[in-house]
There are 2 protein chains.
Amino acid sequence: MDNHLRALRAARGWSQQHLAERLEVSRQSVNAIETGRYDPSLPLAFRIAELFELAIEDVFVSPSRG
Amino acid sequence: MDNHLRALRAARGWSQQHLAERLEVSRQSVNAIETGRYDPSLPLAFRIAELFELAIEDVFVSPSRG
DNA sequence: CACTATTGTGAAGGACGCTTTACATGACAA
DNA sequence: TTGTCATGTAAAGCGTCCTTCACAATAGTG
């Protein structure tokens, strides 16, 4: 599942470390999601969307929608 | 994380088995999500929202939003 | 009664999400 | 060169997601 996390983070000038702290996850988790190694859990996806004030569908891209 | 899956399914008169087949998961997975035993993965949450033609936020309720 | 449909749950196993610790790289400043 | 920051990745461990097989309980039908 694709996502726009790196672009959203870069647009705010945040490091992975800073984003991880705001999300209360490890820096490695942020990195893994950005590099597509795995998808976040649903609760973490909610926290990410809320932090960026976007809908989950605007952060994560369903494969069936391209 | 709370969700409205049971109500959405009931509104369409579907059994857990029928919903599970449409989502391509097991009946036990549907039951576990409905009874709150665990949250779905993000990809499955997308499939559920798409099936009901709703936003993920309209199916699953973030704890931080009550 | 027997039979079916629906739902809830348990156990065991595989794959994934997230952690901590750790090491390596490249960019940039002193 | 030395030091720091940001990033990428690996390993080990734990809990979660999802599976199959299985059994129980309830409700409705014959």
Side-chain angles (χ1 to χ4, degrees):
Chain A
M1 167 162 289
D2 198 19
N3 69 74
H4 304 133
L5 191 52
R6 187 183 300 269
L8 291 167
R9 176 177 63 81
R12 284 158 182 76
W14 293 347
S15 68
Q16 291 182 348
Q17 178 65 46
H18 178 76
L19 175 58
E21 287 168 3
R22 300 203 60 163
L23 293 172
E24 298 184 309
V25 295
S26 69
R27 175 183 69 86
Q28 286 83 349
S29 288
V30 169
N31 183 77
I33 294 166
E34 285 192 0
T35 58
R37 301 208 298 129
Y38 54 70
D39 298 320
S41 67
L42 186 57
L44 179 51
F46 264 86
R47 300 209 299 277
I48 293 170
E50 288 169 5
L51 177 58
F52 290 109
E53 297 181 314
L54 291 171
I56 289 183
E57 287 85 350
D58 292 330
V59 181
F60 301 93
V61 183
S62 169
S64 69
R65 291 191 172 170
Chain B
M1 166 158 288
D2 198 18
N3 69 73
H4 303 133
L5 191 53
R6 186 184 300 270
L8 291 167
R9 176 177 62 81
R12 283 158 182 77
W14 293 348
S15 67
Q16 290 182 349
Q17 178 64 47
H18 178 76
L19 175 57
E21 287 168 3
R22 299 203 62 163
L23 293 171
E24 297 184 310
V25 296
S26 69
R27 174 183 70 84
Q28 287 83 348
S29 288
V30 169
N31 183 80
I33 295 166
E34 285 193 0
T35 58
R37 301 208 296 132
Y38 53 71
D39 299 319
S41 67
L42 186 57
L44 179 51
F46 264 87
R47 299 209 299 278
I48 292 170
E50 288 169 6
L51 177 57
F52 290 108
E53 296 183 313
L54 291 171
I56 288 183
E57 288 84 352
D58 292 330
V59 181
F60 300 93
V61 183
S62 169
S64 69
R65 291 191 172 173

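The sequence lines fix the lettering, A, B, ..., with proteins before strands; numbering per chain opens at 1. Only a predicted model underlies this, so the values are computations on that prediction, with no experimental measurement involved.
- Taking the nucleotide of DNA chain D with the nearest heavy atom to each of A:S41 and A:W14, the more 5' of the two is matched to A:W14.
- Scanning for side-chain hydrogen bond (donor to acceptor under 3.5 Å, both in side chains) contacts around A:R47 gives an empty result, with sequence neighbours left out.
- Rounded to a whole Å, the CG atom of A:L44 is 8 Å from the P atom of C:dT19.
- We find that CD of A:Q16 is positioned 15 Å from C1' of C:dC18, with the value rounded to whole Å.
- Judged by distance alone with a 3.5 Å cut-off, no donor-acceptor contact links the side chain of B:R37 to the base of C:dG8.
- A:S29 has a side-chain polar atom (N or O) that falls below the 4.0 Å cut-off from OP1 or OP2 of C:dT19.
- In this model, the phosphate group of D:dT7 is not approached by any side-chain N or O of A:N31 to a distance below 4.0 Å at OP1 or OP2.
- DNA chain C is contacted by both B:P43 and B:T35; B:T35 maps to the nucleotide lying nearer its 5′ end (nearest heavy atom per residue).
- You'll find a donor-acceptor pair under 3.5 Å spanning the side chain of A:Q28 and the base of C:dT21, going by distance alone.
- Applying the 4.0 Å criterion to OP1 and OP2 of D:dT7, one finds that A:R9 has a side-chain N or O inside that range.
- Atom CG of B:L42 and atom CD1 of A:I56 lie 6.5 Å apart (nearest 0.5 Å).
- For B:S15, the listed nucleotide lying nearest its side chain is C:dT7; candidates were C:dG17, C:dT7, C:dT9.
- For the residue pair A:E57/A:S62, the side-chain donor-acceptor check at 3.5 Å is not satisfied.
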Check residues 18-27 of chain B and write down every donor-acceptor pair under 3.5 Å in which the side-chain atom is one partner and the other belongs to a residue at least two apart or another chain.
unit_1 : atom_1 : unit_2 : atom_2 : d
B:E21  : OE2    : B:Q17  : NE2    : 3.0
B:S26  : OG     : B:S29  : N      : 3.1
B:S26  : OG     : B:S29  : OG     : 3.1

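- The phosphate of C:dG8 (OP1 or OP2) has a side-chain N or O of B:R6 nearer than 4.0 angstrom.
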